[in-house]
Amino acid sequence: MKYLQGKFPILKKQALARDVYRFWISCQEVAKIAQPGQFVHILPPGFGLRRPISIAGIDPEHGILQIVFVIKHEGTRILSELRQGDELDMIAPLGHGFTLLPEASHVVLVGGGIGVPPMLPLAAYYGEKATAVSGFRSFQQVILQEDLENYGASTICCTEDGSAGAIQGFVTTPLEQLLAEGVDAVFACGSQPMLKAVAELCIKNHTYCEISMEERMACGIGACLGCACKIKNPDTEEIQFLHVCKNGPVFKAEEVIW
Amino acid sequence: MADLSVNLCGIDFKNPIIPASGVFGYGREYEEFYDLSELGGIATKGTTAQKRTGNLSPRIAETPFGMLNSVGLQNPGVDHFIAKELPYLLTKNTVILANIAGSTQEECAEVAEKLDATQVHMIELNISCPNVKQGGAAFGTSCAMAEQVVSAVRKATSKPLIVKLSPNVTSITDIAKAVESAGADAVSLINTLLGMRIDVHTRRPVLRNNMGGLSGAAIFPVAVRMVWQTANAVKIPVIGMGGVTSGEDAIELMMAGASAVQVGMAVFTDPYAPVRIVREINQFLDAKQIPAVRDVIGTVQPW
């Protein structure tokens, strides 16, 4: 089994910041096989299309998945109104996740805003070998810094207005310094401008980098070809449209055409 | 258990439910959920002569009870389809409808000719794709052009030929009659309705292609109307589609005159939709003590 569809109960719900929620979901079968960087495809009650939401925690032992999402429009608002004990209609786990590098001694996890949650399973895997650089607009959006630290990662929090964290400005400022000091790999998720900046910095520094992309989706499993992303094969230079749901969401930085 | 089998153009279907072209790829992704042999048939992703990359993203937009798409016929080309996808599909014990499209009559005929040499069961010619610049819907919105392209494809294949019609026309019956006279063995309808949404905050269309095809439950009443009109206008069988989400929807399209039913967007909401609809059709027939699904075709009693 690669993925399945089912209805899974919400064990616990937590508001992390304004319009940002965390669910703990009981789904033994999915938690057993899910990988960092994969996503779940959730149907908000009453809607026709599912919402792809990245996995923010994998606990195979207890059969629990975590997701963190922000209210964007009506569908995610309806999801946010679900409560402990309600069931989520989910197809999961989906997509091609981050590469796990057992040999790496120092990796950087770059998350921007709602791109921070998928860094948690990576922080769980890399522990003290990870530095998590997180960027937010302002102190009101800051999430998950303690969770990252609880896994052993050191954290660098950046806010654009300087209202929280050690750095005023973008994630690229501390990232540049870390790259200069030398890191084995960078994993990133966030807005497209942030990902582009991170990818370009890593390519310039010859540092291995993987980024998690987002696109509007329908099927979520690679059948409908809705979520196209322009990708270059680094060996043949051939440009093709691959699909965020199946070929991604994680791609190598040098493959993505912006 | 009612008899769910139907026969179209001499081809036996174990039940009338067929995932529509474009939503189901070549079926592989849905095999994680169920056995493809549970389906009446599969309409494969539209195939052109050469590989096509499709349109830029975003290609998808949700709309009330529906969605817009502007995928733009992304596909690996007919040679790849015949070599890599079709042999596998033909082992699945279900009817395979190879959906084809092209920018020119010659391209459509070339694809049909290549498929004619395979074991594929039926060819579904798409003259109604709203998302490509040339061919596509242009073929499907003029009787003269529809007739020409169907004639060209008819000469290229002796396989049962279904022509998939566009709803973006003034008179669906005129187009249906034109393709019937040009040699179509069946028609399928409706393809998507041309639509558009704008993000009022950015003043940009939600789709990168500006416009796209509207599908889903929102278009179901249009499908029922057009299937009914068409079934009353032509002698060849009609395959109905457009916003079917339940067994009762499928029965409704069949009462309007459809001999089989394709399922599109519902597959995204519920990947099990096609097999659930088969089950629901059976439940409906059993509850009404109707022995065979064939018995409901065209049985609407209009006022």
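Convention: sequence-line order gives letters A, B, ...; per-chain numbering from 1.
Of all residues spanning residues 28-49 of chain A, those with a heavy atom less than 4.5 Å away from chain B's heavy atoms are L43(A), F47(A), G48(A), L49(A), arranged by number. Residues of residues 83-91 of chain B placed with any heavy atom under 4.5 Å of a heavy atom in chain A are absent; none qualify. Of all residues in residues 32-40 of chain B, those placing a non-hydrogen atom less than 4.5 angstrom from a non-hydrogen atom of chain A are E32(B), F33(B).
Counting heavy-atom neighbours within 6.0 Å of K92(B) NZ, excluding the residue itself, gives a total above 12. Heavy-atom neighbours of Y208(A) OH from other residues, nucleotides or ligands within 6.0 Å: above the threshold of 12. Summarising the local packing, CZ of R28(B) is surrounded by more than 12 heavy atoms from other residues, nucleotides or ligands at distances under 6.0 Å. Summarising the local packing, CD of E238(A) is surrounded by more than 12 heavy atoms from other residues, nucleotides or ligands at distances under 6.0 Å. Under a cut-off of 6.0 angstrom, the local environment of CD in Q192(A) is sparse, with at most 12 non-hydrogen atoms contributed by other residues, nucleotides or ligands. Heavy atoms from other residues, nucleotides or ligands lying under 6.0 Å from NZ of K13(A) number more than 12. Counting non-hydrogen atoms of neighbouring residues, nucleotides and ligands closer than 6.0 angstrom, the CD atom of Q240(A) exceeds 12 such neighbours. Heavy atoms of other residues, nucleotides or ligands lying less than 6.0 angstrom from CZ of R204(B) number 12 at most.
One distance of note links CD of E31(B) with NZ of K2(A); it measures 9.0 Å at 0.5 Å rounding. Remark: C224(A) SG to N69(B) CG distance equals 8.0 Å, nearest 0.5 Å. To the nearest 0.5 angstrom, M67(B) atom CE is 11.0 Å from R216(A) atom CZ.
Residues L225(A) and R59(B) meet the side-chain proximity criterion, which asks for heavy atoms closer than 4.5 Å. For the pair N55(B)/F241(A), no side-chain contact is recorded, criterion being any heavy-atom separation below 4.5 Å from C-beta on. The shortest distance between side-chain heavy atoms of E29(B) and K246(A) falls below 4.5 Å.
Taking each heavy atom of A223(A) and V23(B) in turn, the nearest pair found is CB-O, 3.8 Å. Counting all heavy atoms, side chain and backbone alike, I60(B) lies closest to A218(A) at CD1-CB, 4.0 Å.
In this structure, the portion of Y272(B) lying under 4.5 Å from any heavy atom of chain A is its side chain and not its backbone.
For the salt bridge (charged side-chain N to carboxylate O under 4.0 Å, His left out) test, residues two or more places apart in sequence or in another chain that qualify with R276(B) are D270(B), E280(B).
Not one N or O on the side chain of Q5(A) forms a donor-acceptor pair closer than 3.5 Å with the backbone of P271(B). For the pair S57(B) (side chain) and C227(A) (backbone), a donor-acceptor distance under 3.5 Å is absent.
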